[in-house]
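These notes are about the structure you will find just below.
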Amino acid sequence: MEKTVAVRGERFEVLLPPERIAERLPSLAREIASLELADDTVVVVALKGGLIFAGDLLRHLPHTWTLDYVQARSYGSGTVASGRVELLRDLETDIAGRDVLLVDDIVDTGHTSAFLLEHLRARGARQVTLAVLLDKPERRTFDVGEYLAAFEVPDVFVVGYGLDYAERYRGLPFVGVPLEG
Ligand code: IMP
Ligand code: MG
């Protein structure tokens, strides 16, 4: 299963190849469809990490749904998050009384997700559903309630398909672990 690839001289262990991600999206969309969210649901993409995932997932969602963005920043350096999250970019859409699908890259400690869910609920959303590409359950310290995750990953730092290390690697078509040397 595990495969090492080199991209422009840097090596990665591939955890989720592009085909596996692409295969999973229709079934995740069916899980979302089973929730019977309203025709005017607002898809809220959590920048920047949720961008690639949301872009691909959106193609499998109802065409009546609209799109907006939020951006949170969790303080910390490198691969370790600290204890503070703040909102860098807020919604343009009035979500009061509407169903919201929040799309993000990963639930790690859960701090960012918990923060964004609380923010969207405070804006009066009728209900907020969280859908993430990755679930890293071993690191969970914040309660984020129920959510949908496309894949579970072990407690390793991953990059690609939206996820970065120091803002790099977001555009990689796979999810993988950067390797030394
Ligand atoms: P949290 O710990 O759940 O609040 O995760 C906060 C943010 O840290 C996520 O939205 C990601 O941007 C980032 N993050 C957490 N784990 C990883 C990882 O393995 N690779 C890249 N970014 C990560
Ligand atoms: Mg992020």
Side-chain angles (χ1 to χ4, degrees), residues 1-5 7-8 10-18 20-21 24-25 28 32 42-58 67-91 100-122 128-180:
M1 264 290 287
E2 282 168 15
K3 192 176 153 233
T4 300
V5 295
V7 183
R8 291 173 175 250
E10 289 185 72
R11 293 189 316 117
F12 302 87
E13 180 194 322
V14 177
L15 298 186
L16 301 171
R20 245 191 103 194
I21 299 171
R24 175 68 174 106
L25 296 183
L28 182 66
I32 293 167
V42 185
V43 177
V44 175
V45 181
L47 298 174
K48 301 172 189 171
L51 175 79
I52 311 281
F53 171 50
D56 284 343
L57 180 63
L58 212 55
L67 184 60
D68 207 341
Y69 309 94
V70 289
Q71 187 173 357
R73 172 166 64 190
S74 70
Y75 280 90
S77 58
T79 61
V80 185
S82 77
R84 212 151 71 81
V85 181
E86 71 169 18
L87 197 70
L88 286 184
R89 185 199 194 282
D90 204 350
L91 294 169
V100 169
L101 180 71
L102 173 63
V103 180
D104 203 354
D105 53 1
I106 187 167
V107 183
D108 184 22
T109 67
H111 198 184
T112 307
S113 304
F115 173 88
L116 289 175
L117 287 167
E118 171 58 30
H119 178 70
L120 297 172
R121 287 179 185 129
V128 187
T129 301
L130 172 64
V132 294
L133 176 70
L134 303 176
D135 190 12
K136 204 189 269 183
E138 285 170 53
R139 300 240 314 151
R140 192 68 21 79
T141 52
F142 288 81
D143 182 16
V144 295
E146 279 186 39
Y147 56 94
L148 302 172
F151 300 98
E152 198 174 293
V153 288
D155 183 12
V156 288
F157 195 81
V158 294
V159 298
Y161 201 72
L163 293 110
D164 72 304
Y165 174 67
E167 294 301 327
R168 300 174 65 203
Y169 309 130
R170 292 193 197 276
L172 288 172
F174 55 82
V175 172
V177 182
L179 300 172
E180 301 294 324

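Atoms within each ligand, like the ligands themselves, are counted from 1 in listed order. Residue indices begin at 1 and follow the sequence shown.
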- Contact partition for Leu134 relative to ligand 1, non-hydrogen atoms under 4.0 Å: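 For Leu134, there is no contact with ligand 1 at all, from either part.
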- Query: What do we get for Val158 next to ligand 1 when only non-hydrogen atoms under 4.0 Å count, side chain, backbone, both or neither?
  - Reply: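 Both the backbone and the side chain of Val158 come within reach of ligand 1.
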- Item | Best match, Arg170, Arg140, Lys136: closest heavy atom to atom 19 (O) of ligand 1 |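 Result: the heavy atom closest to atom 19 (O) of ligand 1 is in Lys136.
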- Check each of Gly110, Ser74, Gly160, Pro178 against atom 3 (O) of ligand 1 and report the one with the nearest heavy atom.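 Going through Gly110, Ser74, Gly160, Pro178 one by one, Gly110 has the nearest heavy atom to atom 3 (O) of ligand 1.
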- Item | Of Leu16, Asp105, Val177, Leu133, the residue whose pairing with Val158 passes side-chain contact (heavy atoms from CB on, under 4.5 Å) |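 Result for side-chain contact (heavy atoms from CB on, under 4.5 Å) with Val158: Val177.
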- Message: Would you call the rings of His111 and Phe142 parallel, tilted or perpendicular, taking 30° and 60° as the class edges?
- Response: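 Because their plane-to-plane angle is under 30°, the rings of His111 and Phe142 count as parallel.
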Exam field: side chain [X] to backbone [Y], donor-acceptor pair closer than 3.5 Å:
{"X": "Arg140", "Y": "Asp135", "result": "no"}
{"X": "Arg73", "Y": "Leu88", "result": "no"}
{"X": "Lys136", "Y": "Val156", "result": "yes"}

- Message: Would you say that Phe151 contacts Leu15 through its side chain, given a criterion of any heavy-atom pair below 4.5 Å between the two side chains?
- Response: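 Sidechains of Leu15 and Phe151: no contact.
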- Query: Are the side chains of Ile32 and Thr129 in touch, meaning some heavy atoms are under 4.5 Å apart?
  - Reply: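 Result no, sub-4.5 Å side-chain heavy-atom pair not found.
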Can [X] be said to touch ligand 1, with heavy atoms closer than 4.0 Å?
{"X": "Val153", "value": "no"}
{"X": "Val85", "value": "no"}
{"X": "Asp105", "value": "yes"}

- Which value, rounded to the nearest 0.5 Å, describes the distance between Ile21 atom CD1 and Phe53 atom CZ?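 Rounded to the nearest 0.5 Å, the CD1-CZ separation comes out at 9.5 Å.
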- For ligand 1, which atoms have a heavy atom of Asp108 less than 4.0 angstrom away?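 Per the distance check, 1 (P), 2 (O), 3 (O), 5 (O), 15 (C), 16 (N).
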- Numbering as shown, the atoms of ligand 1 that approach Val156 to under 4.0 Å (heavy-atom distance):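 Checking each atom against Val156, I get 19 (O).
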- Item | Sub-3.5 Å N/O-N/O distance, Val107 and ligand 1 |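 So ligand 1 has no N or O lying under 3.5 Å from an N or O of Val107.
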- Task: Ignoring angles and geometry beyond distance, decide whether Thr109 reaches within less than 3.5 Å of ligand 1 through its nitrogen or oxygen atoms.
- Result: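 Looking only at distances, the answer is yes, because the N/O contact criterion of under 3.5 Å is met.
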